[in-house]
2 protein chains.
Amino acid sequence: MGASKTDLFTEQQNELASMAKALAHPARIAILQYLVKTNACVCGDLVEELGLAQATTSQHLKELKNAGIIQGTIEGASVCYCINPAVWKQYKQLFNSFFGEVSLGNKCC
Amino acid sequence: MGASKTDLFTEQQNELASMAKALAHPARIAILQYLVKTNACVCGDLVEELGLAQATTSQHLKELKNAGIIQGTIEGASVCYCINPAVWKQYKQLFNSFFGEVSLGNKCC
DNA sequence: CTCCCATATCGCAATATTACGATGATAGTG
DNA sequence: CACTATCATCGTAATATTGCGATATGGGAG
């Protein structure tokens with residue numbers, strides 16, 4: 001085995017988990033922070049910024065694109081990446097409601 | 001290779017990524033939601049609750065314990081798990097500040 | 001058209017994750 | 001003591017992720 005048994009869980013649980021998976025790598029965190037920091041399109045600096053090989057960087061970008069949290073638009077010879085604000089907000093809200101569900105009344109053993 | 005190159009990134013990026021990794025599985029989301037919902041110790045119901053084998057469930061619990069977000073205390077023959085409120089709050093804050101860093105001024109291409 | 005530049009994709013190797021049965025360890029019961 | 005219930009750990013198999021070199025693809029420059 002080794003594959004997640006996604007059919008055992010609710011949509012919502014699978015969605016939250018796959019959102020978390022998109023963030024579950026420091027390179028992808030770094031990409032997102034860089035995009036947020038510059039608050040604009042970034043065309044080719046990411047490879048140098050990260051210190052990973054071009055192929056590896058491209059793969060991480062692809063995963064972030066699959067998750068929908070970034071978008072890339074072709075700008076002549078290169079590609080410009082930026083945050084997708086709608087999805088970003090959705091992430092923020094879902095994580096927030098997940099963490100904020102309860103007051104955590106310390107009723108622990 | 002296949003190992004993350006954690007030395008390329010900042011502490012903060014690695015920490016956020018490993019926090020996200022702890023959440024990056026629907027079973028672990030389900031465990032946390034269940035613990036939050038019952039807002040108390042849970043002793044043995046998790047195996048039936050999840051539908052996974054006992055060994056698998058125990059492994060997920062171990063990962064959550066390693067992440068610090070839950071704690072287990074031995075209660076006679078069984079073990080009681082509950083949310084660690086301090087770490088939970090820390091997670092909430094870190095994710096919140098990550099997502100809230102910027103106004104996202106739609107300056108996209 | 002030919003030559004570069006920037007990205008994407010393919011193929012591979014190394015490692016990590018997920019899942020489970022079998023087996024330990026420990027606390028309580030009779 | 002033997003017996004059971006509960007949970008952890010080991011060993012193993014299947015699959016996923018990470019990383020990179022090599023190779024495609026597609027748009028400018030000359």
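Lettering follows sequence order; numbering is per chain, from 1. Heavy-atom basis, side chains included; hydrogens, waters and symmetry copies ignored. Since the model is a prediction, treat every value here as computed from it, not as a measurement.
The phosphate of dT18(D) has neither OP1 nor OP2 within less than 4.0 Å of any side-chain N or O from Thr56(A). Distances shown here put a side-chain N or O of Ser58(A) below 4.0 Å from the OP1 or OP2 atom of dA8(C). The phosphate of dT6(D) (OP1 or OP2) has no side-chain N or O of Tyr81(B) nearer than 4.0 angstrom.
When rounded to the nearest whole Å, the span between CD of Glu75(B) and C1' of dT6(D) equals 13 Å. What separates CD of Gln71(B) from C1' of dC7(D) is a distance of 18 Å, to the nearest Å. Regarding Gln59(A), its CD atom lies at a distance of 21 Å from the P atom of dA6(C), rounded to whole Å. One interatomic measurement links the two molecules: NZ of Lys62(B) to P of dC20(C), which rounds to 17 Å at whole-angstrom precision. If you take CD of Glu63(A) and C1' of dT17(D), they are 8 Å apart, rounded to a whole angstrom. Distance NZ (Lys65(B)) to P (dC7(D)): 11 Å, rounded to an integer number of Å. The nearest whole Å value for the distance from the NE2 atom in His60(A) to the C1' atom in dT9(C) is 15 Å. Whole-Å rounding puts the Leu50(B) CG to dT18(C) P distance at 13 Å.
No hydrogens or angles were tested; on distance alone, nothing pairs the side chain of Gln54(A) with the base of dA6(C) as donor and acceptor under 3.5 Å.
The nucleotide whose nearest atom lies closest to any side-chain atom of Val79(B) is, among dA8(C), dC7(D), dC20(D), dC7(D).
Within a 6.0 Å radius of CG in Leu8(B), other residues, nucleotides and ligands contribute more than 12 heavy atoms.
Residue Ile74(B) is out of contact with every strand shown, counting any heavy-atom pair closer than 4.0 Å. If you check every strand for non-hydrogen atoms under 4.0 Å, Ala55(A) touches a base. Using a 4.0 Å heavy-atom cutoff across all strands shown, Leu61(B) reaches no nucleic acid atom at all.
Ring pair His25(A)/Phe9(B) is perpendicular by interplanar angle, where above 60° counts as perpendicular and below 30° as parallel. Classification of the Phe99(A)-Trp88(B) ring pair by plane angle, with boundaries at 30° and 60°, yields perpendicular.
For the side chain to side chain contact (heavy atoms under 4.5 Å, CB included) criterion with Leu64(A), the lone passing option out of Ile69(A), Asn84(A), Ile83(A), Leu35(A) is Ile69(A). Of the listed residues (Glu75(B), Lys65(B), Gln71(B)), just one forms a side chain to side chain contact (heavy atoms under 4.5 Å, CB included) with Tyr81(B), and that residue is Lys65(B).
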### Task
Take Leu61(B) and Thr57(B), measure what side-chain contact (heavy atoms from CB on, under 4.5 Å) needs, and give me the verdict at the end.
CA-CA 6 Å; Leu61(B) 286 167; Thr57(B) 306; 4.2 Å; yes
### Task
Before giving the answer on side-chain contact (heavy atoms from CB on, under 4.5 Å), spell out for Val47(B) and Leu52(B) the whole-Å C-alpha distance, their side-chain angles and the decisive distance to 0.1 Å.
CA-CA 6 Å; Val47(B) 175; Leu52(B) 291 172; over 6 Å; no
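Residues of residues 16-28 of chain B having a heavy atom closer than 4.0 Å to DNA chain D: none are found.
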